[in-house]
Amino acid sequence: MVFRVLFGRNKQKQVESKRYFSIIDAAGSLTKRSDIVVTGNAGLVFTPVESDFFVNLDNEIFDLLRTSGHRARTSYEIINDEFGTRWVTLNNSNLKDLATTIHLVGTMITDQGFGNQLIAATFRFDFEGKQSYFIYNVKQGNFYPLVTAGDRERDNMAEMQLRIVMDEEKIPCEQNLENWYPLWGIPF
Amino acid sequence: MKKREYSRDPELVIRMAFTSFLLLLLYIAFVSLLWWAGIPPIFIIVIGIAMAAFQVFGSDKLVLMTTGAKVVSPQEEPKLHAMVERLAALAEIPKPKKIAVMDTHVPNAFATGRSPKNAVVAVTRGLMSKLNEKEQEAVLGHELSHVKNRDVMVLTWASLIVIMAGYLLQMLFWMSLFGGFGGGGRRQEGGGNAFIYIMAVYLGTIVIYFLSQLVILSLSRYREYAADRGGAILTGSPMHLASALQKISSDIVRIPEKDLRQVEHANAFFIVNAIKGNKMAALLSSHPPVEKRVQRLQKMHREL
């Protein structure tokens, strides 16, 4: 058990976490950019399974926020969507705290053994006035942009521009465009 | 309606003729090598022809299977069928026996089949959604030109030498594992001499194998230019094919529309990190670079 944690699972988790932390590191710089307006909204989407943990998720998150000291400035909601998946959405005007809290929630779910149920972490902002998101695919360990335009449509040109922004902010971007799967109807 | 004629691009014809000539030289070299070593070439040639014929006859079924393309009826895809029918009539070939659709959002198309009477044309969902009608027509025109030019057959038979050389190399390899050649050598002066002959044949065949691959790839690229030309003449608009090619080869069209949650639930998520930007030498490509194809089409547009 110790060896698996040391050499197996843990190493992979570390690598993926490192890539995720890039958004925490870039938070200050992103907030300062003139082409980006941080809205303070983010969410974690996952596929729930039958278990006490998910039934009690609301309390679990409440406790987590309280013990981590983020309770004061972070509000949260738990939302079911039409795909049979569930969101934990968070609101905190400070992007760094927001990204950190998302990571805490994700880690909590993973520590309970449900890491496989996690799908993605998503951050909302305005890019040049357009409704945009950074999607972090948990399994791939990479970010990629999503700019929505109208009903179930993407603004690919704006996404190409966002890719450049991500480069500038040192946020690792998914190389293979065919993996830039969108999330439609993000509840924030 | 104006009858469309296939005018020939003299430069392209010369290049194809030269390439075919090189191929012929390689065939002669191969047969000579075998004859010199005392290996009866007829055996290899017969097996080679059988394998090439198998390839030509089975190409459509095999490609449909490997690409996952599903044959569609006129009721399922009326617009597609109408487009193909109209273009086939213009090209004066029968309407392809099978029209198929591949379920990917990346625009693409292919045509295969041993003859115009047994042709299969396939497009992706991405082609139908991301290209406008004129561009789709241009791509289908290109594919039907391949059918009319019998490119599957031409290229398969051209690659007969690769098939034969490859088969011979395999045979030699297995035979060397099991204790060497018995009485194939011209001189039966014991193991030593036969060994030299075998090695010479082996090395010679490897060289011929690789050279033939390069020549055939070159021929394939010229056939692509010819299909571009044919398709452009067929539809009367080289520029629509040019813009279709640019769209197909662009990065942006690879961005999907399918929701991540649907993908996750459909299958275990693959960690696919395609080796992007694989700068393989142009020599090893069966298709010419898009910029060059667009250039030629622009030239056509000015001349038409």
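First the proteins, then the strands, lettered A, B, ... as listed; each starts at 1. Everything quoted here is computed from the prediction, not taken from an experiment.
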Please indicate whether [X] has more than 12 foreign heavy atoms, meaning atoms of other residues, nucleotides or ligands, lying under 6.0 Å from its [atom1].
{"X": "A:E128", "atom1": "CD", "answer": "yes"}
{"X": "A:E82", "atom1": "CD", "answer": "yes"}
{"X": "A:D151", "atom1": "CG", "answer": "no"}
{"X": "A:K96", "atom1": "NZ", "answer": "no"}

**Request:** Using atom types as modelled and distance alone, determine if a side-chain donor or acceptor of A:R154 lies under 3.5 Å from a backbone N or O of B:P256.
**Result:** yes

**Asked** Are the side chain of A:W184 and the backbone N or O of B:E257 linked by a donor-acceptor pair below 3.5 Å?
**Response** yes

**Asked** Between B:V106 and chain A, which part of the residue has a heavy atom less than 4.5 Å away: side chain, backbone, both or neither?
**Response** side chain

**Message:** Using side-chain heavy atoms (C-beta onward) and a distance below 4.5 Å, is B:I255 in contact with A:M160?
**Reply:** yes

**Message:** In the structure I gave you, are the side-chain heavy atoms of B:I252 and A:M157 within less than 4.5 Å of one another anywhere?
**Reply:** yes

**Request:** Give, as side chain, backbone, both or neither, the part of A:E153 having an atom under 4.5 angstrom from any heavy atom of chain B.
**Result:** neither

**Proximal component of A:N116, with respect to chain B [non-hydrogen, under 4.5 Å]** = neither

**Item:** Worked verdict on B:R261 versus A:D81 for side chain to side chain contact (heavy atoms under 4.5 Å, CB included)
**Value:** CA-CA 10 Å; B:R261 289 159 288 193; A:D81 67 24; 2.6 Å; yes

**Item:** Cationic N near anionic O, under 4.0 Å, A:R152 to B:D259
**Value:** no

**Request:** Walk me through it: do B:R254 and A:N156 pass the test side chain to side chain contact (heavy atoms under 4.5 Å, CB included)?
**Result:** CA-CA 10 Å; B:R254 293 163 54 206; A:N156 291 145; over 6 Å; no

**Item:** Leading residue by heavy atom contact count with chain B [cutoff under 4.5 Å; candidates A:I119, A:I135, A:V45]
**Value:** A:I119

